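Model, not experiment: these values are computed from the prediction. Each chain gets a letter, A, B and so on, in the order the sequences are listed, and its residues count up from 1.
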Amino acid sequence: MRLSRYFLPTLRETPKEAEIVSHQLMLRAGMIKQQAAGSYSWLPLGFKVLNKVVRIIEEEQNRSGAVQLLMPTVQSADLWRESGRYDAYGKEMLRLQDRHERDMLFGPTNEEMITDIFRTYVRSYKDLPLNLYHIQWKFRDEVRPRFGTMRSREFLMKDAYSFDLDEASAVKAFQRMFVAYLRTFYRMGLTGIPMRADTGPIGGDLSYEFHVLAETGESAVFLDSDLLDKPIPSIDTDFRGDLDPIFKDWTSLFAATDEMTDEATFRASVSGNKQLAARGIEVGHIFFFGTKYSKPMGAKVTGPDGKDVEVQMGSYGIGPTRLVPAIIEASHDENGIIWPVSVAPFEAVVINLKVGDATSDKAAEGIYDDLVREGIDALYDDRDMAAGGKFANADLIGIPYHLIVGPRGLKDGTVELKHRKTGERETLSIEAAVGRLKALIVPQRRDTV
RNA sequence: CGGAGUAUAGCGCAGCCUGGUAGCGCACCUGCUUCGGGAGCAGGGGGUCGAGUGUUCGAAUCACUCUACUCCGACCA
């Protein structure tokens, strides 16, 4: 992408409405624009990151055996009356009427609808296990939206729903999502820590929130610091096999939000040098709820014994529009965002310091073309402006690698490579630059590990 | 939903107290000079001062009402 033809409205000053750093940086980097309280347009740069986050979620959901579909945003109230939630949900649900004065709603979640789909088509235990997911916009009329897209009213959510014949197989479905989530967050450059969460009236222990540690997190969390070093299940993980050892490994150590524990319990349960009291951003939640919807809505399959059984269900959410700011909270400095390669809007930027100078133009464009040819998602800063502004922009929008092309280096046939994260600089020959970048970038995509 | 604030150019702000031609920085446009960390000079464009009502000869400024947005709390992917 040539920057002169792109749409990147960066701001030099921080809009005053933004309180936390991710919100400030998303506005300054030209990623989002607020349209109303808790309602945002995703500008090209932000949308590109959001799509990379979504792609990773899809790949890992698919890998785990979940199957993607797409349900509507606007739902009929009738389904929600069946489950009893139309009256129970409260003012967070945005209620609408169509021209025939039928009650509708903008979906805050999709348990009812997916249960309806399931009961329409699935009749036999032989069709189980089944996990259906979609990635769709939701609306929750939050009392107080804040922190940019971290807590917006309209937000994108991946929600998966598992269907099983009995609780034992539902546990396996739960564990598949558990492992998929570990991998998903890791691939985005995050450590998503599973923490015991409230199971509500269902009970049991099959409810985990995944938290990313960050100073600005909304929840106080307590954990054993050894969790930060746990190995992530690899790409070779057999999702049809026994995942219980991985599940047990990750859940044997103490990790809970302040809603589930108190500091005294934590201090008593974890040895002193492993105690980590921090703050967390909830980026996912997996939850088993049994027959809560299948029972009132009549989602049954015929079992091997010929008798109908209400299916055991679970739901599994991830918030992509929350993950983007969460990644920024976890990875930034005073100059701007520092994107992990796997979700960076561009993997590298070629900065032409002297646009219009034949030598600089030729070298910069040549390198840019080669990068694109090599499959690198590259940006070319071909704007005719002073160097300082280009450097500042490249830092602000957080491109992992900056290839600086200017007359000073070109005299000797060299260009400079700057690592955004470390500030490290390398002087490379023009010929070596593309190869070096590729060698740095490809492993960090984390798409083969 | 309780409490507290804010609203003046795209962004950040001054002006308001003490009513009288709407300003500054950045951004934007034109020209020239520049060109390795947010360049310099010169010229220029852009405003229903959140909305409404009132007071007044005259309202960004005073009064009242409303709206939007932000922050703290309770609630949440």
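Here A:E426 pairs with A:R436 in a salt bridge; the nearest charged N to carboxylate O distance falls below 4.0 Å.
Taking a centre distance below 5.5 Å and an interplanar angle below 30 degrees as the stacking criterion, A:F155 stacks against the six-membered base ring of B:rA77.
When rounded to the nearest whole Å, the span between CZ of A:F139 and P of B:rA77 equals 16 Å. Across the protein-nucleic acid pair, A:R144 atom CZ and B:rU70 atom P stand 9 Å apart, rounded to whole Å.
Residue contacts for A:T109: at a heavy-atom cut-off of 4.0 Å it reaches no nucleic acid atom on any strand shown. The residue A:G317 sits apart from the nucleic acid: no heavy atom pair falls under 4.0 Å. No engagement by A:K138 is indicated, since no non-hydrogen atom pair under 4.0 Å with the nucleic acid exists. Counting any heavy atom pair closer than 4.0 Å across all strands shown, A:G389 reaches a base atom. Looking at heavy-atom distances under 4.0 Å, A:D159 makes no contact with the nucleic acid at all.
Side-chain nitrogen and oxygen atoms of A:R12 include none within less than 4.0 Å of the OP1 or OP2 phosphate oxygen of B:rC26. Between A:Q34 and B:rA68 there is no side-chain polar atom (N or O) within less than 4.0 angstrom of OP1 or OP2. Distances shorter than 4.0 Å separate some side-chain N or O of A:K91 from OP1 or OP2 on B:rC1.
Applying the Watson-Crick and G-U wobble criteria (two distances, each under 3.5 Å), B:rU61 pairs with nothing in any strand.
Nearest nucleotide to the A:A386 side chain, out of B:rC69, B:rA74, B:rA39: B:rA39. Side-chain proximity of A:E282 to the nucleotides B:rC35, B:rA77, B:rC26 is greatest for B:rA77.
Judged by distance alone, the side chains of A:Q175 and A:D244 do bring a donor and an acceptor atom under 3.5 Å apart. In this model, no donor atom of one side chain and acceptor atom of the other lie less than 3.5 Å apart for A:Y368 and A:R2.
You won't find any donor-acceptor pair under 3.5 Å spanning the side chain of A:R146 and the base of B:rG73, going by distance alone.
Between B:rA9 and B:rU65, the distance separating the two P atoms is 25 Å to the nearest Å.
Here the options are A:D249, A:T191, A:D224, the test is side chain to side chain donor-acceptor pair (under 3.5 Å), and the partner is A:K230; only A:D249 passes.
With hydrogens and angles ignored, the 3.5 Å screen pairs no side-chain donor or acceptor of A:Q312 with any backbone N or O of A:E167.
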